[in-house]
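A quick write-up on the structure given underneath.
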Amino acid sequence: MAGGEAPELRDVLIVGAGFGGIHALARLRDGLGLDALLLDAGAGPGGTWYWNRYPGARCDVESLQYSFSFSDALQQEFDWTERFAAQPEILRYAEFVVDRLDLARSMRFDTRVASAVWDEDAACWTLTASDGRAWRARWVIMATGPLFATHLPDFPGLKDFAGEVYHTGAWPHEPVSFAGKRVAVLGTGSSGVQVSAALAGEAEQLYVLQRTPAHIVPAGNRPLGAAERAEVRARHGELRAQWNAQPGAVMYASLPPAEPVLPANPVSALAVTPEERKAVFERAWAYGGYALHRAFTDLLTDERSSMLATEFLRGKVAEIVKDPATAEALAPRTLYGTKRLILATGFYEMFNQPNVALVDLYRHPLKRFTKAGFETENGHYAVDAVVFATGFDALTGSLTRIDIRGRGGRSLKDEWARGPHTYLGMMTAGFPNLFMVGGPQSCSALANVITANEQQVEWFAECIAEMERRGVTTMEPGEAAQAEWGRLIDELAGPSMVAKGDNWYLGANIPGKARAILLFVGGFPAYKAHCDAEAARGYRSFALA
Ligand code: NA7
């Protein structure tokens, strides 16, 4: 601790100033009247939208839905300008919320929490920052986000590369110019697809390094008008209820009647003629966004139907990309729905530009980086800058990178070495009074994360209120309930495409990470029902002492 001072004592410490942490602070400080303090590694709020400020960064949930519902004032006062908001606007929204709710006075920035240690005798946590400052509190909310811990593979020769190196998930705050430069973007997940499309218009030469072709659909982004905003404001209670009844707590698109919602089709993709199927897929494609998920009922549960969606997307790539070899390499080959669908604007189209080239790492694997660029089995490419869009140690990484020690010094990282154990994705046995927002085994990253976060924050706020009413000091889930939750997580994922690919939902994107189902695949309404049932049972699955 700095200067030998005693750690500041608070009621509750919140880690992370993303949307989960912002809401937790508002709810616990202003709703429950607790002495709450929020700590964040960045210099301002926004969480993932603070760090992922790469060109082209944009949310794949519609702005009118990807926003808080807990405060009417917030819903009424912020003017979203696009159907899918870009990062600067989302960051502005986070700052607006912090300002509007007067939260900054309870936030400490430039504070990277390095450890969290439970003190058995005092029944409280000590959080220590990387610079030695420390705080103590009875409750800790880890609002560290599902997509925070960036992943940079250990590429041979990277330290020899003399050019500029960036990671989409930790983008510099100063503007970066790629004009007149030869740039490589490595990775074609959402981040790689977005940043490449943005750089294609700026870089002199853009190489897109792809290992696995992704499933990509047009976002269908467009400006939002005042009339649309006004309608959603006027009807937001009713619309929120409709959206929250969907598995992903989200609906495409949000604005009836201007743009009627494409109804989920209750028919199997296998039950129609090829012509009918193509017509339905085309309609969903034209609609944009996640409408394709709703084109048929079994795209995410039946491998044959899933492959039909892949086939449809292969055809679309061939229609758009003029060079047949490039089109073939870009066309997805794997099951639809095994990885997160990517919403793009202009990605396939940019390969028709003379300054954009695909480097197919599947056919010609990357050998090494060199001083001047990189080398594949197909030759050497000279570049001035490399942008890594190689993703995140998702869901668990932001927690296991902090040295979290529970009862008897138990290490969370060690306990989760073979996969996370939680109850409701919110608490874990042996780590009392530590709540997670957007953590593993919840439905956060498979749903509209803001809505999922809100539901969790409301749940544990009520939980803390109940502890106060009962006069108990600690709360943690029982091992049996936790084991049962783990079985449910596996069971739900069984038939789903999520369990059938090498994706970050399973930890399969990180070499050496245990493969485990990291999310509740049963949908937001079912997840919420489990949480509500636990509260209604009086938190029987928890030890309250
Ligand atoms: P993703 O979706 O995990 O994408 C990472 C990309 O990086 C993906 O194309 C990977 O190819 C590629 N990658 C990772 N490691 C390597 C190596 N070693 N060699 C070659 N290529 C590699 O991360 P994003 O940041 O794009 O998106 C994460 C989420 O953020 C997204 O789903 C949205 O929810 C927002 P691979 O497919 O593994 O062959």
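Just follow the structure's listing: the first ligand is 1, and inside any ligand the first atom is 1. Quick caveat, the model's predicted, so the values are computed rather than measured.
Using a 4.0 Å cut-off between heavy atoms, Q210 makes no contact with ligand 1 at all. Residue contacts with ligand 1, taken as heavy atom pairs separated by less than 4.0 Å, do not involve A394 at all. Proximity of L186 to ligand 1, defined as any heavy-atom pair under 4.0 Å, is confined to the side chain (atoms from C-beta onward).
Considering only heavy atoms from C-beta on, E375 stays 4.5 Å or farther from F369 through its side chain. Between Y348 and K316 the shortest side-chain heavy-atom distance does not fall below 4.5 Å. For the pair L519/Q441, no side-chain contact is recorded, criterion being any heavy-atom separation below 4.5 Å from C-beta on.
Looking at atom 23 (O) of ligand 1, its nearest protein heavy atom turns out to be G391 CA, 3.2 Å. Scanning the protein for heavy atoms near atom 28 (C) of ligand 1, the closest one is W504 NE1, 3.8 Å. Scanning the protein heavy atoms around atom 31 (C) of ligand 1, the nearest turns out to be S190 OG, 3.6 Å. The shortest contact between atom 17 (C) of ligand 1 and any protein heavy atom is with R211 NH1, 3.3 Å. Of the protein's heavy atoms, T390 CG2, 3.8 Å lies nearest to atom 14 (C) of ligand 1. Nearest non-hydrogen protein atom to atom 4 (O) of ligand 1 is G189 CA, 3.6 Å. At the shortest separation from atom 39 (O) of ligand 1 among protein heavy atoms lies T212 OG1, 2.5 Å. In terms of protein heavy-atom proximity, atom 5 (C) of ligand 1 is closest to A389 O, 3.3 Å.
Looking only at atom types and distance, the side chain of Y54 has a donor-acceptor partner in the side chain of Q194 under 3.5 Å away. Side chains of T81 and E89: a donor on one and an acceptor on the other come within 3.5 Å. If you check the side chains of T370 and H380, you find a donor sitting under 3.5 Å from an acceptor. The closest side-chain donor-acceptor pair between E62 and Y290, if any, does not fall under 3.5 angstrom. Side-chain contact of E95 with Y93: a donor-acceptor pair under 3.5 Å is absent, judged by distance alone.
The shortest heavy-atom distance from T168 to ligand 1 is not under 4.0 Å.
In this structure, CD on E415 lies 13.0 Å from OG1 on T400, to the nearest 0.5 angstrom.
Between R340 and ligand 1, at least one N/O pair is under 3.5 Å apart. Residue S191 places at least one N or O, backbone or side chain, under 3.5 Å from an N or O of ligand 1. Between D60 and ligand 1, a contact under 3.5 Å exists for no N or O pair.
Close contacts between ligand 1 and L147 involve ligand atoms 29 (C), 30 (O), 34 (O), 35 (C) [criterion: under 4.0 Å to a heavy atom]. Close contacts between ligand 1 and G187 involve ligand atoms 6 (C), 7 (O), 9 (O), 12 (C) [criterion: under 4.0 Å to a heavy atom]. Heavy-atom proximity to T188, at under 4.0 Å, picks out these atoms of ligand 1: 6 (C), 8 (C), 9 (O). When each atom of ligand 1 is checked for a heavy atom of K339 under 4.0 Å away, the hits are 36 (P), 37 (O), 38 (O). Contact atoms of ligand 1 toward P153: 15 (N), 18 (N) (distance under 4.0 Å to a heavy atom of the residue). Applying the 4.0 Å criterion to heavy atoms of F155 picks out, from ligand 1, the atoms 17 (C), 18 (N), 19 (N).
Note on ring orientation: taking the six-membered ring where Trp is involved, the planes of Y381 and F374 are parallel (angle under 30°, cut-offs 30° and 60°). The aromatic rings of F96 and F78 are tilted relative to each other, their planes meeting at an angle between 30° and 60°.
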Kindly indicate, with the supporting measurements, whether the criterion side-chain hydrogen bond (donor to acceptor under 3.5 Å, both in side chains) is fulfilled by E454 and S69.
CA-CA 8 Å; E454 280 193 300; S69 66; 2.8 Å; yes
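Residues forming a salt bridge (Lys or Arg N to Asp or Glu O under 4.0 Å) with R27 (at least two apart in sequence, or on another chain): E458.
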